[in-house]
Amino acid sequence: MPNPWQHSRSSGSADDIDFEIKGQELQFVEIELDTGESAVAEAGAMVWKDAAIGMTTVFGDGSDGGSNGGFMGKLLGAGKRLVTGESLFTTVFTHNGGGKARVAFASPTPGAILPIKLDSLGGTLICQKDAFLAAARGVSIGIEFQRRIMTGLFGGEGFIMQRLDGDGWVFVQMGGTVVERSLAPGEVLHVDTGCLAAYTPSVQFDLETVGGVKSMLFGGEGLFYARLTGPGKVWIQSLPFSRLAGRMLQAAGGRGQNRGEGSLLGEFGDLIGGNR
């Protein structure tokens, strides 16, 4: 069975790139480029590069390498990234020398870097707002609006998510351990709203209440969970960054930890345990 964390280009596929993902909880992806090939990454994601690889900062998603399109087109692309909480700029890394050269990018949070070939999913992936890390040149980074008001308000990622379009490799960052589920037509999966990392457009994303009043107040899972209906693929992350940040803030504030945190019972436990 082929290693999903390593890929070598197929013969006759000019736009294919070689890569290898290294590490366990703190991963980075190492991309090998042929002469003239480019990779696009989030600003500040680079770890190291060979000297033959040039670096150019561009407006927007860099899907054209920063060489095509008018000012308004580039401004629109940058604006879409700003709406999803990303930087106005991306960085394009192009191999300008001979032979092969490598560049490496790292995720800023503990978790996994998932390599996805977009043409194997029909050309589109919908993911959390800060999921994009790097891609082969030609991948477009857009926005996906949640059509249902309740889903936008309580879906964990808000009204707007990232939409990645193209036919090449894209590398997305997810928190903790990542699980991929393939849903059959009509199959339903319930997921914590923060743990929903990505899904294909054929999956229907809606919300469902967690249950009775007791579960809402004391279950620690919030009022809703994501209701995902197949067909399609879903990626689930075990440790959303928001959950990690919340625990760090809680510890920094001297509140400690109890079994009921995240619910009303957690606040009561803080009082009893002297953490408030």
Side-chain angles (χ1 to χ4, degrees), residues 7 9-10 13-19 21 29 31 33-34 36-46 53-95 103 105 107-108 113-147 152 157-174 196-203 205 232-235:
H7 171 74
R9 75 190 67 234
S10 304
S13 182
D15 295 330
D16 211 359
I17 58 173
D18 298 331
F19 68 84
I21 294 177
V29 56
I31 298 176
L33 301 175
D34 283 340
E37 286 186 333
S38 298
V40 181
E42 277 296 327
M46 188 196 78
I53 294 180
M55 184 176 68
T56 305
T57 300
V58 299
F59 264 125
D61 58 18
S63 56
D64 60 359
S67 59
N68 299 321
F71 174 75
M72 291 305 297
K74 294 178 181 179
L75 189 61
L76 179 60
K80 289 190 295 184
R81 289 176 48 74
L82 189 64
V83 168
T84 58
E86 303 286 0
S87 167
L88 284 171
F89 302 92
T90 52
T91 309
V92 180
F93 296 83
T94 303
H95 181 17
V103 59
F105 308 105
S107 172
I113 298 175
L114 189 66
I116 296 177
K117 193 73 157 52
L118 288 177
D119 60 3
S120 68
L121 302 177
T124 299
L125 178 71
I126 299 170
C127 52
Q128 59 183 343
K129 290 192 294 287
D130 55 354
F132 174 77
L133 177 66
R137 181 173 56 186
V139 171
S140 174
I141 308 168
I143 55 179
E144 176 76 11
F145 289 97
Q146 296 297 342
R147 296 177 178 85
E157 297 297 336
F159 284 103
I160 299 172
M161 299 180 75
Q162 279 186 340
R163 181 185 177 100
L164 306 177
D165 292 291
D167 59 2
W169 285 99
V170 63
F171 304 94
V172 290
Q173 52 198 2
M174 301 177 181
L196 175 59
Y199 58 94
T200 53
S202 59
V203 173
F205 175 24
K233 288 188 176 183
V234 175
W235 287 266

Open item on the list: Are the side chains of Phe105 and Ile113 in contact, using a 4.5 Å heavy-atom criterion?
Closed with: no

TODO: Check Phe132 against Ala135 and note the closest heavy-atom contact, atom names and distance.
DONE: CE1-CB, 3.6 Å

- [ ] Would you name the heavy atoms of Leu121 and Lys233 that are closest together and state the gap between them?
- [x] CD2-CD, 4.1 Å

Task: Residue of the set Leu118, Asp167, Leu125 for which side chain to side chain contact (heavy atoms under 4.5 Å, CB included) holds with Val139 - done: Leu118

Open item on the list: In the structure I gave you, are the side-chain heavy atoms of Ile126 and Phe205 within less than 4.5 Å of one another anywhere?
Closed with: no

Open item on the list: Does any part of the side chain of Ile21, heavy atoms only, come nearer than 4.5 Å to the side chain of Pro115, both counted from C-beta?
Closed with: yes

Task: Pairwise side-chain contact, Glu37 with Ile17, heavy-atom cut-off 4.5 Å (strictly under) - done: yes

- [ ] Report yes if some heavy atom in the side chain of Val172 is under 4.5 Å from a heavy atom in the side chain of Leu164; otherwise report no.
- [x] yes

Open item on the list: So which atom in Val203 and which in Gly232 form the shortest heavy-atom distance, rounded to 0.1 Å?
Closed with: CG2-CA, 3.6 Å

Task: Euclidean distance, Leu196 CG relative to Met161 CE, rounded to 0.5 Å - done: 5.5 Å

Task: Least distance between heavy atoms, Gln128 atom then Gln162 atom - done: O-OE1, 3.5 Å

Open item on the list: Taking side chain to side chain donor-acceptor pair (under 3.5 Å) as the definition, give me every residue that meets it alongside Asp165, ordered by chain and number, with sequence neighbours left out.
Closed with: Thr124, Arg163

- [ ] For Thr94, enumerate each residue passing the side chain to side chain donor-acceptor pair (under 3.5 Å) test, keeping only those at least two apart in sequence or located in another chain.
- [x] Ser38

Task: Heavy-atom donor-acceptor pair, Gln173 side chain to Asp130 backbone, under 3.5 Å - done: yes

Task: Minimum side-chain heavy-atom gap Ile31-Phe171 below 4.5 Å - done: yes

TODO: Identify the two heavy atoms, one from Met174 and one from Ala197, that lie closest to each other, and give their separation to 0.1 Å.
DONE: SD-CB, 3.5 Å

Task: Close side-chain approach of Thr200 and Trp235, heavy atoms under 4.5 Å - done: yes

TODO: Mind checking the CD1-SG spacing from Ile116 to Cys127? Nearest 0.5 Å is all I need.
DONE: 8.0 Å

